[in-house]
Amino acid sequence: MEHIPPRGKKGKRLSIVFLVISCVGLIGAAVLDVSYRLFYQLIAIGIYIFSFELLNRYHLSSYCYTIDEKNFIITKRMGKRTQTVCCLSLSTLLAIEKTPKTKKQKEAFLAVAPKASYRYNYCQSLLPDVSYTVFFEFNGKVAAVVFEPNEAMVLHLKNKICSKKETEEDIF
């Protein structure tokens, strides 16, 4: 099962806003007679670099989520280059929960979800409308992976969790 989420527009728009702010800051610091001109220019260059980081992370790259018989794999594609960034065994799968948006949802999420030592965000969009958090056991600790699956992938992962719990109950 494979899913490639669509690219969101929020990251691209935010990148353009930061790019315009940095250009205005650089030009303003150069043209206007301001004290601490170098300080303002350094801040504008930092914002400029951050705008390209946003563009790189949320628009120029894409993620592909794959579930085979035994593994949950996330690959990052950027141009012609493909890199596996996450490969976890489904036997270590603990839970899957919808990622909360509001304060009330976050409180309910923290009551149900296990406490994660590691948290990785592999969402294609900046602040996606719907995302899920998958919890895995990793080196004796709990790791959380946030991603944007489709409904079929969520159902498949929930079925894996249920079948894993049933086999654990049969063993004990």
Side-chain angles (χ1 to χ4, degrees), residues 1-24 46-138 142-164:
M1 177 177 300
E2 185 175 285
H3 175 62
I4 300 172
R7 286 191 174 112
K9 295 180 181 178
K10 294 176 189 173
K12 182 179 173 183
R13 289 178 182 163
L14 190 62
S15 174
I16 291 171
V17 167
F18 281 133
L19 182 66
V20 169
I21 289 171
S22 69
C23 288
V24 167
I47 294 171
Y48 183 77
I49 292 169
F50 182 69
S51 72
F52 279 102
E53 288 295 323
L54 279 174
L55 187 68
N56 183 33
R57 165 66 171 88
Y58 292 107
H59 188 69
L60 297 177
S61 61
S62 66
Y63 289 100
C64 176
Y65 314 122
T66 308
I67 298 176
D68 59 13
E69 293 88 28
K70 296 182 180 183
N71 296 319
F72 174 68
I73 303 165
I74 299 176
T75 55
K76 181 179 179 180
R77 296 178 182 167
M78 180 176 255
K80 293 181 181 179
R81 190 175 122 198
T82 302
Q83 178 184 8
T84 300
V85 291
C86 180
C87 182
L88 297 166
S89 174
L90 290 177
S91 63
T92 62
L93 182 65
L94 298 174
I96 181 168
E97 296 291 332
K98 189 172 183 179
T99 308
K101 296 289 180 199
T102 64
K103 186 176 181 179
K104 185 178 177 182
Q105 289 175 345
K106 286 181 184 180
E107 290 171 359
F109 177 79
L110 292 175
V112 176
K115 184 165 174 32
S117 301
Y118 307 105
R119 185 176 185 274
Y120 302 99
N121 186 346
Y122 295 118
C123 290
Q124 178 64 47
S125 305
L126 177 67
L127 303 172
D129 295 331
V130 177
S131 64
Y132 282 84
T133 304
V134 176
F135 296 94
F136 287 92
E137 185 179 340
F138 183 71
V142 177
V145 176
V146 181
F147 70 115
E148 297 176 83
N150 57 7
E151 290 301 320
M153 192 170 279
V154 172
L155 289 174
H156 184 73
L157 289 172
K158 286 183 178 181
N159 289 338
K160 286 285 185 185
I161 292 169
C162 290
S163 65
K164 180 183 171 189

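Scanning both residues, Y63 and I74, for their nearest heavy atoms gives CD2-CG2, 3.8 Å. Taking each heavy atom of E2 and R77 in turn, the nearest pair found is OE2-NH2, 4.5 Å. Closest non-hydrogen pair, F135 versus P114, comes out as CE2-O, 3.5 Å. Of all the heavy atoms in V85 and Y122, the pair that sits closest is O-OH, 3.4 Å. Summarising the geometry of G11 relative to Y58, their closest heavy-atom pair is CA-CB, 4.1 Å, with the distance given to 0.1 Å.
The neighbour count for Y48 OH, taken as heavy atoms of other residues, nucleotides or ligands under 6.0 Å away, does not exceed 12. A 6.0 Å sphere centred on NZ of K98 holds no more than 12 heavy atoms belonging to other residues, nucleotides or ligands. A 6.0 Å sphere centred on NZ of K10 holds more than 12 heavy atoms belonging to other residues, nucleotides or ligands.
In this structure, K160 contributes its side chain and L93 its backbone to no donor-acceptor pair below 3.5 Å. In this structure, the side chain of R119 does not engage the main chain of A144 through any donor-acceptor pair within 3.5 Å. Without hydrogens or angle criteria, S61 side chain to N56 main chain gives a donor-acceptor distance under 3.5 Å. Judged purely by atom type and a 3.5 angstrom limit, E97 has no side-chain atom pairing as donor or acceptor with the backbone of F109. With hydrogens and angles ignored, the 3.5 Å screen pairs a side-chain donor or acceptor of S15 with a backbone N or O of S51.
Y118 and Y120 have parallel rings, their planes meeting at less than 30° on a 0 to 90° scale where 60° marks the start of perpendicular.
Taken to the nearest 0.5 Å, the CG atom of D68 stands 7.5 Å off from the SG atom of C87. With rounding to the nearest 0.5 angstrom, the CG atom of N150 is 7.0 Å from the CE atom of M1. One distance of note links CG of L14 with CG of L55; it measures 11.0 Å at 0.5 Å rounding. Separating the NE2 atom in H3 from the CD1 atom in I67 is a distance of 10.5 Å, to the nearest 0.5 Å.
Residues S62 and Q124 form a side-chain contact, since some pair of their non-hydrogen atoms from C-beta on lies under 4.5 Å apart. You'll find the side chain of K158 reaches within 4.5 Å of the side chain of I96, heavy atoms only.
When L157, N71, I161 are each tested for a side chain to side chain contact (heavy atoms under 4.5 Å, CB included) with L90, only one passes: L157.
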Check against ring-ring contact (aromatic ring centres under 6.0 Å, His included), Y132 and Y65: CA-CA 12 Å; Y132 282 84; Y65 314 122; over 10 Å; no

